[in-house]
Number of protein chains: 2
Amino acid sequence: MQPYNFFFCHLGVPRDVLDQSRKFKRESAQSRREALVQGTLELIAELGISGATVREIAARAGVTQGLIRHYFSSKDELIQAAYEHHMNRLTDQTAAFAGDGSAVSRLRNFVEASLRPPIVDPGAVALWAGFLNKVQHDPKMQHVHRRTYAYFRDHLETLIVAALHEVGQPVDDGEGQRLAIACNALIDGLWLEGGALPDAFGEGQLAQIGLTSVSAIIGLELTNKGEQPCG
Amino acid sequence: MQPYNFFFCHLGVPRDVLDQSRKFKRESAQSRREALVQGTLELIAELGISGATVREIAARAGVTQGLIRHYFSSKDELIQAAYEHHMNRLTDQTAAFAGDGSAVSRLRNFVEASLRPPIVDPGAVALWAGFLNKVQHDPKMQHVHRRTYAYFRDHLETLIVAALHEVGQPVDDGEGQRLAIACNALIDGLWLEGGALPDAFGEGQLAQIGLTSVSAIIGLELTNKGEQPCG
DNA sequence: GAAGAAATTATACGGTTGCATAATTACGCG
DNA sequence: CGCGTAATTATGCAACCGTATAATTTCTTC
């Protein structure tokens, strides 16, 4: 980087390469926030809400605790940001699995992805539960929860309506919403139980039950065996 | 503190009737434990897990904090007892609503009761979420969770199998279990959303969606309108 | 290369927490 | 009635929490 000379060659050499005595390195605001959020999520998932102290979070992110206050006005704000990040990642990840095939196949993939790892995961459930307890008492957390819930459910409603339309069984808005509420609850419940009791269900069992039940609720066969007409 | 008196007029009179200066009253171990558990539940529901400190809990129970250690070996043990109490109450309460009519009517009542107040309740959901976060890291909490989940689901499975048998559509064990898992997840999901977003659903909407969806999943009409054949 | 601004660390503080221990108090029993 | 014991309170403690502030270090810019 700096050629600058031969003798005394250490003088112009960037300290961050040679000198181990550097106290810290500056990073972009974004990467520091992400590191702090990530540390928060890890700790809540591993040790529970009470394990996520500012000191532990800072240690995970590789910084000292004072820095948290430099990027977030309070610990609560950091928790909020972590909650938002977690839920957005969860929903986006699931939505990406839907793919871009037919409406029926997109719905099938969406349901199935929601009920398999990595979406079904003990850590993710622990995280979600830890946050939910705070949702009731913090208006901002409540807002994030509302938005996230609506986001997931609306996405599901769109998929359901499109699939039913595709096979010639169109439904009106009210009915579409009711179906989405029901399927959303079913998926949430299965996801929750799969994450809370990882050993209680066989591999693929949740996905299979989910597909069968969604099919029954919306009156449209989504399972593969259903694609082979038996008459 | 005690003015020691002028004319001994207090002698012989039971102190607990006249003398307000009693420092405390002895209670049975059971009632003290219940009061402490009740205080714990109230606080977690109202203020979240972090609001349930030993001092606040003791205040709710009308005692001083040292007494907690006299009845529970640690705060964790109190939390455990509170969790167990809460879940048992929830399941027993729901089961009682089923009544003793026909199998189909018992199932209908069970589903409906699970999706209406007082079972659907923000406080109960906050409570449940607060505990769930601890379940993953505490083996004893995990045991309570397993038992409670199995209890509720088995009860539901019994009702479903009986109802299907009653209408001449018997199912084998494996299928009964699958149906119970699905319906349990559906009910849990609806219960959760109803408690977490109290204003998002109209009165009776959750129960209606729940009945319709359970009917679709198990292939047996439970709603009233279904009892009036339309053609 | 010096200077100034911004990022980061270092240190300190008041409050709270769970827990332990000692001092009181109530109550059953002879 | 008095005495012993167990229930209950009172007090204290060490650790930890979140936050504030001052002191350093890094990096950019001229």
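All heavy atoms count here, side chains included; hydrogens, waters and symmetry mates do not. Residue numbers begin at 1 in each chain, while the letters A, B, ... track the order of the sequences. A quick note: this is a predicted structure, and the numbers were derived from the prediction, not measured.
Taking the side chain of A/Leu67 as heavy atoms from C-beta on, and the options D/dT26, D/dT19, C/dT8, the nearest nucleotide is C/dT8. Among the nucleotides C/dT9, D/dA7, C/dA20, the one closest to any side-chain atom of B/Arg69 is C/dA20. Of the candidates D/dT8, D/dC27, D/dT26, the closest approach to any side-chain atom of B/Tyr71 belongs to D/dT8. Proximity note for B/Arg26 (side chain, C-beta onward) versus D/dA7, D/dT26, D/dT19: the nearest is D/dA7. Distances were taken from every side-chain heavy atom of B/Thr64 (C-beta onward) to each of D/dA10, C/dA12, C/dC19; the shortest belongs to D/dA10. Distance from the side chain of A/Glu27 is smallest to C/dT8 among D/dT26, C/dT8, D/dG18.
A/Ile49 has its CD1 atom 14 Å from the P atom of D/dC17, to the nearest Å. Distance, A/Gln65 CD to D/dC16 P: 13 Å, rounded to whole Å. Whole-Å rounding puts the B/Leu43 CG to C/dT17 C1' distance at 15 Å. Whole-Å rounding puts the B/Glu56 CD to C/dT17 C1' distance at 12 Å. In this structure, A/Leu36 atom CG and D/dG18 atom P are separated by 14 Å, rounded to whole Å. Atoms CD1 (A/Ile68) and P (C/dT9) sit 11 Å apart, rounded to a whole Å. Atom CZ of A/Arg32 is separated from atom P of C/dA6 by 17 Å (rounded to the nearest Å).
For A/His145 and A/Tyr83, the ring centers are positioned 6.0 Å apart or more.
Ion pairing between a basic and an acidic side chain is recognised when a charged N comes within 4.0 Å of a carboxylate O; B/Glu157 and B/Arg153 show no such pairing. Salt-bridge check for B/Glu56 with B/Arg60: failed, with every basic side-chain N at 4.0 Å or more from each acidic carboxylate O. A/Arg147 and A/Glu84 are joined by a salt bridge, as a carboxylate oxygen and a charged side-chain nitrogen come within less than 4.0 angstrom of each other.
Base contact: B/Arg55 has a heavy atom under 4.0 Å from a base atom. Residue contacts shown for A/Thr53 are limited to sugar-phosphate atoms, with no base heavy atom under 4.0 Å away.
For the pair A/Gly66 and B/His70, both in contact range of DNA chain D, the more 5′-proximal nearest nucleotide belongs to B/His70.
Checking side-chain atoms of B/Ser213 against main-chain N and O of B/Gly210 turns up no donor-acceptor pair under 3.5 Å.
A sub-4.0 Å separation between OP1 or OP2 of C/dT9 and a side-chain N or O of A/Lys23 is absent.
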